[in-house]
Amino acid sequence: MNKKLTQIETINPANIPKPSYAPTENINKVAGKAFFITGYTHNRGKPTEYTPSDKIGEDGLTDYFTITTEESFPLAHKGEQQEINHFYVTSYIGSQIDRILNGASLDGKRIGPCKAVKRQKPDNKSQTYWALAFEKDEDFK
């Protein structure tokens with residue numbers, strides 16, 4: 001019996017380029033501007049000095065949510081003007097996106113049009129939170 005050997009592709013991690021990180025800003029920088037979301041990530045990472053203590057888990061990490069928009073916006077980033085299309089979003093916005101995707105991925109799709117808006121909490125009008133507004137929402141206008 002002669003078995004034909006097939007060549008197995010080898011992936012050497014040393015040959016994989018390091019990821020490049022896109023400049024990312026907070027979603028409040030584009031408040032009220034319409035955009036389409038083409039990417040969404042939820043990661044756990046090291047908290048900053050501004051992270052509320054109740055948002056830091058037992059593992060010492062906190063949740064980070066980011067979106068990528070189809071549109072780029074000219075914004076100041078680390079002291080220079082850049083075209084930015086990656087944004088940190090709140091956990092509430094992350095939950096809105098999770099509900100829309102319902103376990104699916106955004107591969108080849110987009111969400112929108114939408115705008116980042118600041119809303120008042122219904123039970124405490126003195127507190128506000130960031131959310132995505134869509135065309136059917138009053139605060140989209």
Side-chain angles (χ1 to χ4, degrees), residues 1 3-141:
M1 270 198 201
K3 278 193 170 180
K4 193 175 193 178
L5 292 176
T6 58
Q7 187 168 349
I8 299 172
E9 183 180 354
T10 301
I11 299 172
N12 184 341
N15 295 335
I16 297 172
K18 291 186 181 197
S20 61
Y21 296 98
T24 306
E25 285 292 334
N26 287 319
I27 195 65
N28 64 349
K29 300 283 175 82
V30 292
K33 297 179 182 178
F35 55 84
F36 287 88
I37 298 170
T38 57
Y40 167 67
T41 59
H42 172 197
N43 296 314
R44 291 194 52 79
K46 200 172 177 181
T48 69
E49 60 193 74
Y50 306 106
T51 306
S53 58
D54 65 332
K55 298 292 183 190
I56 301 172
E58 289 181 24
D59 57 1
L61 302 176
T62 189
D63 291 307
Y64 286 97
F65 302 87
T66 59
I67 61 169
T68 302
T69 59
E70 190 171 77
E71 303 75 14
S72 291
F73 300 91
L75 299 171
H77 180 76
K78 294 187 178 178
E80 66 180 68
Q81 194 77 358
Q82 295 185 36
E83 290 293 320
I84 306 290
N85 72 331
H86 297 281
F87 298 94
Y88 293 110
V89 296
T90 62
S91 59
Y92 183 81
I93 290 175
S95 67
Q96 283 184 288
I97 295 168
D98 286 335
R99 282 192 305 271
I100 292 165
L101 294 176
N102 194 24
S105 73
L106 266 174
D107 290 337
K109 300 177 200 126
R110 64 185 188 166
I111 297 171
C114 48
K115 292 180 181 179
V117 297
K118 206 170 206 181
R119 293 182 174 158
Q120 290 182 328
K121 289 188 174 185
D123 56 336
N124 186 345
K125 299 288 186 195
S126 66
Q127 290 186 335
T128 58
Y129 64 99
W130 284 98
L132 293 176
F134 301 98
E135 288 180 310
K136 66 175 176 60
D137 297 322
E138 260 186 52
D139 51 0
F140 182 82
K141 296 166 183 72

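Numbers here simply count residues along the sequence, with the first being 1. Just so we're clear, the structure is a prediction, and the values are computed from it rather than from any experiment.
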Worked verdict on Ile111 versus Thr38 for side chain to side chain contact (heavy atoms under 4.5 Å, CB included): CA-CA 7 Å; Ile111 297 171; Thr38 57; over 6 Å; no
His86 and Ala22 have their tightest heavy-atom pair at CD2-CB, 2.9 Å
Pair Ile67-Phe35, side chain to side chain contact (heavy atoms under 4.5 Å, CB included): steps then yes or no: CA-CA 11 Å; Ile67 61 169; Phe35 55 84; 4.0 Å; yes
Could you pull out all residues at least two apart from Thr51 that satisfy side-chain hydrogen bond (donor to acceptor under 3.5 Å, both in side chains)? Thr48
Shortest non-hydrogen contact from Pro23 toward Ile84: CB-CD1, 3.7 Å
Test item: His77 and Leu75 side chains (from C-beta on) under 4.5 Å apart, heavy atoms: no
Just verifying a value: how many Å separate Ile11 CD1 and Glu9 CD, rounded to the nearest 0.5 Å? 5.5 Å
Pairwise distance CZ(Arg110) to CD1(Ile37) - rounded to 0.5 angstrom: 11.5 Å
With rounding to the nearest 0.5 angstrom, report the CZ to CD distance, Arg119 to Glu138. 10.0 Å
Ignoring hydrogens and geometry, is there a side-chain-to-backbone donor-acceptor pair from Asp137 to Asp139 under 3.5 Å? no
For a quick test of reading the model, state the closest non-hydrogen atom pair linking Asn85 to Ser72 and the distance between them. CB-OG, 3.7 Å
Taking the inter-plane angle between the rings of Tyr92 and Tyr129 on a 0 to 90° scale, is it parallel (under 30°), tilted (30 to 60°) or perpendicular (over 60°)? perpendicular
Here the gap from Glu71 atom CD to Phe36 atom CZ, rounded to the nearest 0.5 Å, amounts to 6.5 Å
Side chain to side chain contact (heavy atoms under 4.5 Å, CB included) between Phe73 and Gln82, worked out: CA-CA 8 Å; Phe73 300 91; Gln82 295 185 36; over 6 Å; no
Pick one: which of Thr41, Thr24, Asn43 meets side-chain hydrogen bond (donor to acceptor under 3.5 Å, both in side chains) with Thr66? Thr41
Hey, does Pro113 have a side-chain heavy atom less than 4.5 Å from the side chain of Glu135? yes
Quick one: do His42 and Asp63 satisfy side chain to side chain contact (heavy atoms under 4.5 Å, CB included)? Show the steps, please. CA-CA 7 Å; His42 172 197; Asp63 291 307; 2.9 Å; yes
Taking Asn124 for the side chain and Lys121 for the main chain, is one N or O donor matched with an acceptor at less than 3.5 Å? no
To the nearest 0.5 Å, what is the distance between CG (Leu61) and NZ (Lys55)? 15.0 Å
Measuring only between side-chain heavy atoms, which start at C-beta, is Arg44 closer than 4.5 Å to Asp59? yes
What are the two closest heavy atoms between Pro47 and Gly60, and how far apart are they? CD-O, 3.1 Å
Once you measure the plane-to-plane angle for Phe65 and Tyr40, does it fall in the parallel (<30°), tilted (30-60°) or perpendicular (>60°) bin? parallel
For a 4.5 angstrom cut-off between non-hydrogen side-chain atoms, does Val117 reach Trp130? no
Residue pair Lys115 / Leu132, side-chain heavy-atom distance below 4.5 Å: no
Say you draw a straight line from CD1 of Ile27 to NZ of Lys33; how long is it, rounded to the nearest 0.5 Å? 11.0 Å
